[in-house]
Amino acid sequence: MSSSEEHQQIANRRAKVTALRDAGVNPYPNDFKPETRLEWIRREFGEENDPDRLAGIPVQTAGRVMLLRNFGKLTFATLRDATDQLQIAVQRDAVGAEIYRDLFRKVEVGDILGVAGTLFRTQTGELTIRVHTFRILAKAVRPLPEKWHGLEDVETRYRQRYLDLIVNPEVRTLFHTRSRIIRLIREFMEEKGFLEVETPMMHPIPGGATARPFVTHHNALDVDLFLRIAPELYLKRLIVGGFERVFEINRNFRNEGLSVRHNPEFTMMEFYQAYTDYRDLMGLTEELLLHLVFRTCGQPSVVHQGRTIDFTPPWPRLTLDQALVTHGGADAARVGDPDYLRDYLRAHGATPEATAGVGELLLAAFETVVEEKLIQPTFIIDYPISVSPLSRRSDSNPEVAERFELFIGGWEIANAFSELNDPEDQASRFQAQVQARQAGNAEAMHFDADYIRALEFGMPPTAGEGIGIDRLVMLLTNAAAIREVLLFPQLRPQLGPVA
RNA sequence: GGGCCGUUAGCUCAGUCGGUAGAGCAACAGACUUUUAAUCUGUGGGUCGUUGGUUCGAUUCCAACACGGCUCACCA
């Protein structure tokens with residue numbers, strides 16, 4: 001882009017950069033070292049009122065200029081770093097008339113500035129750095145969005161997240177909270193004796209979930225690889241290997257639609273614990289989420305989108321059938337009848353799949369009618385085997401899996417089950433998936449022969465769970481869209497030159 | 001992918017029942033040594049998302065397209 005085409009404000013700022021260079025001043029030096037952060041200055045001296053003591057405190061710090069208030073021979077500015085913001089005062093007579101006129105006039109809102117000076121309080125009592133010397137550390141050649149309203153345009157906020165972070169403090173806070181939630185989960189899991197592991201993101205056979213994968217290609221091996229849709233089968237290989245308690249917090253990739261609750265890459269925690277079953281995991285899940293809510297909100301409940309959600313355990317545990325009857329008004333005597341379920345689905349505006357069996361119909365009815373009504377934390381248990389190809393059969397009912405899903409705020413937050421460790425049963429379940437795949441179900445699983453071989457060496461009885469971290473963060477930060485809790489949510493790439 | 005809505009100055013937004021546009025902040029010139037959304041005076045800045053159509057004339061009406069938002073479908 002030539003300078004004649006650039007916008008006036010950018011051209012003005014570029015001219016200042018050129019002027020600095022012509023005067024022998026590097027607009028992008030890297031030899032200035034801040035010695036304190038702004039938070040420390042405020043913490044140490046925020047209550048200090050003795051002017052002589054403050055004047056004796058030398059500080060050297062740096063940050064971005066967020067506001068400038070110029071009074072001719074005196075300029076106030078608001079400086080912000082990662083920790084806090086603080087006012088600085090630059091007086092002509094303190095820095096020297098020439099410096100003030102030739103150099104400080106080049107400082108604009110958005111620039112990164114290093115300052116050294118002492119502290120004082122203004123007439124209104126605000127703690128302020130009296131600048132003795134300053135360095136421009138990085139000239140900004142683009143103007144920041146407006147200081148009152150910040151940046152509102154959601155597309156720009158997501159595409160240029162750096163701008164969103166500079167001007168919208170609540171966005172910075174949200175991502176601090178997200179980081180804290182994930183840290184708390186790690187600490188919790190480690191205290192429970194779980195080992196954090198990393199398993200492949202590129203899978204020769206996509207597995208561990210029913211979803212369409214992304215495909216990529218490895219040139220040297222000349223093989224197609226799939227971005228993982230779930231780490232499940234690898235984590236269970238580690239249980240076979242003897243780790244007994246493992247967890248992984250990482251990305252999954254699913255080649256499906258985007259929505260307020262779906263991003264093609266999203267963060268899951270999966271964990272597997274030997275010698276437990278799905279009932280044990282319900283207790284663990286209650287304990288973990290209550291802990292997170294307490295530590296982030298200071299109480300056992302959160303307000304999400306105007307609704308109060310109470311995490312105090314125990315949470316209701318309903319079978320899929322019961323949920324459909326209690327929350328969906330279905331006829332208790334007929335929820336096992338496929339014809340009834342088809343009618344029920346049609347009555348609620350859904351089109352039942354022609355090939356769907358009882359299990360699929362039951363699940364579809366639940367997802368269509370009940371799911372969005374489960375605002376308070378609720379465990380739904382006893383899923384049909386046909387929709388649970390990796391779950392252990394219930395000993396009392398071989399058509400039902402030892403499985404639960406956790407719903408909060410109308411969203412699925414977690415999915416867990418007692419793991420199927422019978423290699424023969426697992427092989428026949430894979431076969432059923434392969435047949436569904438051949439019948440046209442693009443989301444059905446592949447046959448993973450190495451996974452069967454691993455089970456043939458013996459996997460201890462184990463239960464495993466996946467928790468959707470992004471949705472959990474949404475609940476705890478009152479976010480309405482998953483894009484708000486992802487630093488760089490997926491958008492359609494912009495065509496053409498960058499403006 | 002379908003439906004609905006949106007796109008005007010760097011930012012936040014008005015507006016034109018069709019006669020090529022305004023405000024605040026930001027910018028530029030100037031005044032000002034205690035402001036904190038500083039204030040005051042003056043000035044400049046727009047292919048009104050893109051491309052077509054209708055029209056004497058389109059930023060405005062119509063269509064297609066692009067991007068975004070909500071929503072439905074699919075999924076977690």
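Just so it is clear: chains get the letters A, B, ... in the order the sequence lines come, proteins before strands, and each one is counted from 1. Scope of the values below: all heavy atoms of this structure, side chains included, with no hydrogens, waters or symmetry mates. Here the structure is a predicted model, which is why all the values come from computation and not from measurement.
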What does [X] touch in the nucleic acid at a heavy-atom separation under 4.0 angstrom: a base, only the sugar-phosphate, or nothing?
{"X": "A:V260", "answer": "sugar-phosphate"}
{"X": "A:R212", "answer": "nothing"}
{"X": "A:E405", "answer": "nothing"}
{"X": "A:I413", "answer": "nothing"}
{"X": "A:E412", "answer": "sugar-phosphate"}
{"X": "A:R105", "answer": "sugar-phosphate"}
{"X": "A:N255", "answer": "nothing"}
{"X": "A:L144", "answer": "nothing"}
{"X": "A:T122", "answer": "base"}
{"X": "A:G150", "answer": "sugar-phosphate"}
{"X": "A:R92", "answer": "nothing"}

Contact under 4.0 Å: [X] side-chain N or O vs [N] OP1/OP2:
{"X": "A:R159", "N": "B:G68", "answer": "yes"}
{"X": "A:R483", "N": "B:C70", "answer": "yes"}
{"X": "A:R69", "N": "B:A38", "answer": "yes"}
{"X": "A:K73", "N": "B:U35", "answer": "no"}
{"X": "A:R492", "N": "B:C67", "answer": "yes"}
{"X": "A:R13", "N": "B:C28", "answer": "no"}
{"X": "A:K147", "N": "B:A26", "answer": "yes"}

When only distance counts, do a donor and an acceptor, one from the side chain of [X] and one from the base of [N], lie under 3.5 Å apart?
{"X": "A:Q91", "N": "B:U33", "value": "yes"}
{"X": "A:N70", "N": "B:C32", "value": "yes"}
{"X": "A:Q87", "N": "B:U35", "value": "yes"}
{"X": "A:E155", "N": "B:G69", "value": "no"}
{"X": "A:E146", "N": "B:A26", "value": "no"}

Whether A:F76 stacks on the six-membered ring of B:U35 base, 5.5 Å and 30° limits
yes

Within the stacking criterion (centroid distance below 5.5 Å, interplanar angle below 30°), does A:F266 stack on B:A76?
yes

Can you spot which of A:E248, A:E198, A:E265 makes a salt bridge (Lys or Arg N to Asp or Glu O under 4.0 Å) with A:R228?
A:E248

Considering the options A:L151, A:L165, A:I166, which one meets the side-chain contact (heavy atoms from CB on, under 4.5 Å) requirement together with A:V171?
A:L165

Does B:G49 have a Watson-Crick or wobble partner in any strand here, with both distances under 3.5 angstrom, and which is it?
B:C65

Pairwise C1' distance for B:C74 and B:C65, with rounding to whole Å
26 Å

Validation row, ring centre A:F407 to ring centre A:F366 under 6.0 Å
yes

